[in-house]
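Read through the structure below, which is laid out as structure tokens, and then see the notes.
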2 protein chains.
Amino acid sequence: MTPELQLDRQLCFALYAASRSMTQAYQPLLGELGLTYPQYLVLLVLWEQDGASVKQLGERLLLDSGTLTPLLKRLEAAGLLRRRRASDDERRVEVWLSDTGKALEEKAAAIPQAMRCRYGAEGREAESALLRQTLQQLTMLLQGKPG
Amino acid sequence: MTPELQLDRQLCFALYAASRSMTQAYQPLLGELGLTYPQYLVLLVLWEQDGASVKQLGERLLLDSGTLTPLLKRLEAAGLLRRRRASDDERRVEVWLSDTGKALEEKAAAIPQAMRCRYGAEGREAESALLRQTLQQLTMLLQGKPG
DNA sequence: GGAAATTAAATTGTACACAATTAAATATGC
DNA sequence: GCATATTTAATTGTGTACAATTTAATTTCC
């Protein structure tokens with residue numbers, strides 16, 4: 001066995017396992033709101049930036065239209081948002097929150113604190129902020145954007 | 001906008017983005033071997049532990065049979081491994097590498113170094129080992145296993 | 001030793017991811 | 001001003017993820 005290929009030495013697998021574990025930990029909380037984890041991410045962007053285009057959502061979340069289009073259709077079917085061709089550029093599709101979608105932000109506001117508790121980050125704000133920044137830098141590197 | 005809900009402050013999104021970026025960065029290297037990233041992870045386990053059961057693979061990779069069964073069938077169809085009911089317990093399915101599957105380890109041996117170069121980890125072994133350990137601890141926490 | 005509980009995979013159904021292609025709208029260059 | 005290139009979404013097809021159910025084999029417990 002090549003030592004370099006040991007699973008437990010792979011940063012990539014540590015990332016993959018942590019990311020999926022985190023998503024799983026969110027699931028019970030998001031389930032109460034009727035959301036999946038990627039749907040929650042889309043709403044996080046829209047609560048900051050209502051009316052964002054599919055392209056803008058994709059840039060923030062690093063997702064393409066092949067993922068976003070069906071996801072947005074499901075959120076539209078759930079009544080949380082509406083999709084609209086922009087009048088000044090018919091190629092663009094703008095995504096606007098409905099009142100229900102806007103109102104959901106209040107319920108979601110409790111989630112971050114609940115999760116910090118869940119993964120033992122309470123009282124370790126500095127440590128988890130550092131981890132977050134390290135991951136953000138790594139993402140920029142992997143995306144080929146000079147950091 | 002609730003400040004706590006800002007996308008760029010979410011550890012969960014930093015993880016999600018980094019994990020997918022890492023998988024994307026592996027893709028060109030794995031593509032040459034005809035593998036997807038999860039398939040590569042399965043092979044990492046088998047190169048360490050040939051003959052592992054589906055359950056054992058699932059425990060190492062945190063995946064269930066719903067994911068593994070079709071993935072293993074594809075690797076079997078590609079001629080890299082064979083699945084066999086264990087004779088001492090017919091519930092268990094053992095996964096054994098073919099000669100082709102075993103031989104692939106040599107080609108894969110170049111991947112870790114190529115990737116370290118790719119994400120700027122050269123000469124920063126300590127830093128990336130620390131990140132890996134932090135992520136492994138976080139995963140254990142999220143999986144509810146006392147760390 | 002046989003019913004009930006447990007375990008291991010497979011199956012079913014839904015929802016991402018993402019590469020590759022298509023289609024429509026806008027921008028560009030000559 | 002018009003052909004060409006670019007941009008933006010949608011579509012198509014493959015491969016995960018994962019919850020929930022099913023099936024078959026083994027344990028457990030009386």
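The sequence lines fix the lettering, A, B, ..., with proteins before strands; numbering per chain opens at 1.
- Of the residues in residues 80-95 of chain A, those lying under 4.0 Å from DNA chain D by heavy-atom distance are A:Arg83, A:Arg85, A:Arg91, A:Arg92, A:Val93.
- A cation-pi contact links A:Arg20 to A:Tyr16, judged by a cut-off of 6.0 Å to the six-membered ring centre and 45° from its axis.
- Protein atom CD of A:Glu59 is 12 Å distant from nucleotide atom P of D:dT7, rounded to whole Å.
- Residues of residues 66-76 of chain A that place a heavy atom closer than 4.0 Å to DNA chain D, in numerical order, are A:Gly66, A:Thr69, A:Lys73.
- Once rounded to the nearest 0.5 Å, the distance linking CH2 of A:Trp47 with OG1 of B:Thr2 reads 8.5 Å.
- The separation between B:Leu63 atom CG and D:dT16 atom P is 10 Å, rounded to whole Å.
- Residues A:Ile111 and A:Leu30 form a side-chain contact, since some pair of their non-hydrogen atoms from C-beta on lies under 4.5 Å apart.
- Contact annotation: A:Tyr16 side-chain N/O to D:dA17 OP1/OP2 distance is under 4.0 Å.
- For A:Leu62 and C:dC16, the CG to P distance is 17 Å, given to the nearest whole Å.
- Rounding to the nearest 0.5 Å gives a distance of 7.5 Å between CZ of B:Phe13 and CZ of A:Arg60.
- Considering only side-chain N and O atoms, A:Gln24 lies under 4.0 angstrom from the phosphate OP1 or OP2 of D:dC18.
- Against DNA chain C, the stretch residues 29-57 of chain A makes heavy-atom approaches under 4.0 Å through A:Thr36, A:Pro38, A:Gln39.
- Looking only at side-chain heavy atoms (C-beta outward), A:Thr23 and A:Thr36 stay at 4.5 Å or farther from each other.
- Between the side chains of B:Ser53 and B:Glu94, no donor-acceptor pair of N or O atoms lies under 3.5 Å.
- Nucleotide C:dT14 holds its C1' atom 12 Å from the CD atom of A:Gln27, rounded to whole Å.
- Atom CZ of A:Arg74 and atom CG of A:Leu80 lie 13.0 Å apart (nearest 0.5 Å).
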